[in-house]
Amino acid sequence: MAEVVLQNVYKRYGKVVAVKDFNLHIQDKEFMVFVGPSGCGKSTTLRMIAGLEEISDGTLRIGERVVNDVPPKDRDIAMVFQNYALYPHMNVYENMAFGLRLRKTPKAEIDKRVRDAARILQIEHLLARKPKELSGGQRQRVALGRAIVREPKVFLMDEPLSNLDAKLRVEMRSQISQLHRRLATTVIYVTHDQVEAMTMGSRIVVMRDGIIQQVDTPLNLYDYPRTKFVAGFIGSPSMNFLTATVKNGQFAIGDSLIAADGTLAESLRAYEGKQVWMGIRPEHVGVHGLSMESRGGDVMRGQIVDVEPLGAQTDLIVDVGGQVLTAKVEGHARFKAGDAVDLVVARDRLHAFDYQTEDALGRRGVAADTAAISADD
């Protein structure tokens, strides 16, 4: 078994707490992604799992062993770094075989493992080349191959795609996901890119300031964010947040009233006359008369500030009563800055957050609690 369990883990650098009370149970064969902004503690947590950083407090277990004091080489893990860390004077075969030779693995076994990994990664034709003769994507596959040949219990990956161009990142995302399914092993993957997190992870840990904000499946994070931070971090373009006053269980924004449905409306009644954050994703905001009427919703009058044509869709940046939101329209929308538009929001896709605590309100916050797999189950 290759479960990884962190219980009440802290990392301190003097008076600075980089990771605070981190509790997480990673299942065997799971693809777990740590995501968050720079400085949130995700790479520090990964390095503690690897043994490259000492744990200040708490317990780390890999499989059946508590490994707080176990050296990195004895933890049965393999790590893939952002900068590949290949030896420039060795060819691809030698780079992949190096760790096994240090462990005095029999020569025949080394050859078998290296060639099997090269076949999986489709780099058999590169085995005689030096790193300087490889492209970025090829170097990344060699780094993955070096980890695969060790046959570890757990793969740790620290932003392995950040040095690649956009097209190659998409290709490598798919290859790493396929590799995980083929090897059926546990993967812990760190990234600041929420698209990588959403497309690759079985579950995602969203972190902020060293603290877990939410642990959940990609779709639950998207549909049921527990906090305004999670709602804004997951999704591209980001969720729109508008300051609203609650009137009769509705969102009052300027001269517009936006009705919430069901239990969300009931929850808003406790905030009557108070300010809240209304959240709505760009794809759930449309232009009246084009695409949204059939979904039900209320209309807000706004003025287009900017138009961003993206081919398959057009993003409209719209000023609504002094607040700006993004609406996503399918195809080539013929609008220009300065045009007045009536926006319609999908009532069943509204979110609300406490203005002070920024916690989710209503059915979406409650649903997240029941849908999520607990971080410390």
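- Under a 4.5 Å side-chain heavy-atom cut-off, the cluster of Ile, Leu, Val, Met, Phe, Trp and Tyr residues that includes L257 has no other member.
- Remark: aromatic rings of F34 and Y189 are distant, center separation not under 6.0 Å.
- Two residues are said to be in side-chain contact when any heavy atoms from C-beta on lie closer than 4.5 Å; D339 and Q303 fail this criterion.
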Practice prompt. Let me see the working for E53 and Y13 under side chain to side chain donor-acceptor pair (under 3.5 Å), right down to the final yes or no.
Written response: CA-CA 11 Å; E53 294 279 359; Y13 298 100; 3.3 Å; yes
Worksheet item: Does the pair Q82 and S162 meet the rule for a side chain to side chain donor-acceptor pair (under 3.5 Å), with working shown?
Response: CA-CA 7 Å; Q82 176 180 346; S162 60; 3.1 Å; yes
Discussion item. Please determine whether side chain to side chain contact (heavy atoms under 4.5 Å, CB included) holds for the pair V276 and F353, giving the CA-CA distance in whole Å, both sets of side-chain angles, and the decisive distance to 0.1 Å.
Written reply: CA-CA 6 Å; V276 296; F353 304 91; over 6 Å; no
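- Classification of R301 and D342 as a salt-bridged pair holds, one side-chain N sitting under 4.0 Å from a carboxylate O.
- With rounding to the nearest 0.5 angstrom, the CE atom of M157 is 11.0 Å from the CD1 atom of I188.
- In this structure, K20 fails the cation-pi test against Y10, since its NZ or CZ atom is not both closer than 6.0 Å to the six-membered ring centre and inside 45 degrees of the ring normal.
- Between K153 and D28 there is no salt bridge, since none of the side-chain N atoms of the basic residue sits less than 4.0 Å from a carboxylate O of the acidic one.
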Worksheet item: Under the salt bridge (Lys or Arg N to Asp or Glu O under 4.0 Å) criterion, do R12 and D57 qualify, and how do the steps go?
Response: CA-CA 9 Å; R12 300 185 181 90; D57 280 304; 2.4 Å; yes
Discussion item. Before you tell me yes or no, could you show the steps for R150 and D76 under salt bridge (Lys or Arg N to Asp or Glu O under 4.0 Å), namely the whole-Å CA-CA distance, both residues' side-chain angles and the distance that decides it to 0.1 Å?
Written reply: CA-CA 9 Å; R150 292 183 54 190; D76 204 3; 5.9 Å; no
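- Summarising the local packing, CZ of R103 is surrounded by more than 12 heavy atoms from other residues, nucleotides or ligands at distances under 6.0 Å.
- A 6.0 Å sphere centred on CD of E272 holds more than 12 heavy atoms belonging to other residues, nucleotides or ligands.
- Listed by first and then second residue, the ring-ring contact (aromatic ring centres under 6.0 Å, His included) pairs involving residues 253-283 are W277-Y355 (not counting sequence neighbours).
- Heavy atoms of other residues, nucleotides or ligands lying less than 6.0 angstrom from CD of E133 number more than 12.
- Salt bridge status for R349 with D223: present, with a side-chain N to carboxylate O gap under 4.0 Å.
- I234 is not connected to V195 by any chain of hydrophobic side-chain contacts under 4.5 Å among Ile, Leu, Val, Met, Phe, Trp and Tyr, and they are in different clusters.
- Atom OG1 of residue T263 and atom CD of residue E266 lie 6.5 Å apart, to the nearest 0.5 angstrom.
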Practice prompt. Start with the C-alpha gap between V324 and V318, add the side-chain angles, then the distance that decides, and say whether side chain to side chain contact (heavy atoms under 4.5 Å, CB included) holds.
Written response: CA-CA 6 Å; V324 176; V318 184; over 6 Å; no
Practice prompt. Could you give me the CA-CA distance, side-chain angles and deciding distance for D158 and S43, then say whether side chain to side chain donor-acceptor pair (under 3.5 Å) is met?
Written response: CA-CA 7 Å; D158 190 6; S43 289; 2.9 Å; yes
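- No more than 12 heavy atoms of other residues, nucleotides or ligands shown are found within 6.0 angstrom of CG on D255.
- Residues L86 and K130 fail the side-chain proximity criterion, which asks for heavy atoms closer than 4.5 Å.
- Using a 4.0 Å cut-off between charged side-chain N and carboxylate O, D111 and R115 make a salt bridge.
- If you chain together hydrophobic residues whose side chains sit under 4.5 Å apart, V5 and L46 never meet in one group.
- At distances below 3.5 Å, not a single donor-acceptor pair connects side-chain atoms of N240 with backbone N or O atoms of G279.
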Worksheet entry | Audit row: R119, D116, salt bridge (Lys or Arg N to Asp or Glu O under 4.0 Å) steps and yes/no | CA-CA 5 Å; R119 185 177 63 255; D116 285 349; 3.2 Å; yes
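- Aromatic pair F31/F155: ring centres not closer than 6.0 Å.
- Between F233 and F229, the ring-plane angle classifies as parallel under the 30° and 60° cut-offs.
- The pair E196-R173 does not count as a salt bridge, with every side-chain nitrogen at least 4.0 angstrom from each carboxylate oxygen.
- Two residues are said to be in side-chain contact when any heavy atoms from C-beta on lie closer than 4.5 Å; L350 and H284 fail this criterion.
- Linking ILVMFWY residues whenever their side-chain heavy atoms come closer than 4.5 Å, directly or via other members, leaves I211 and V35 in distinct clusters.
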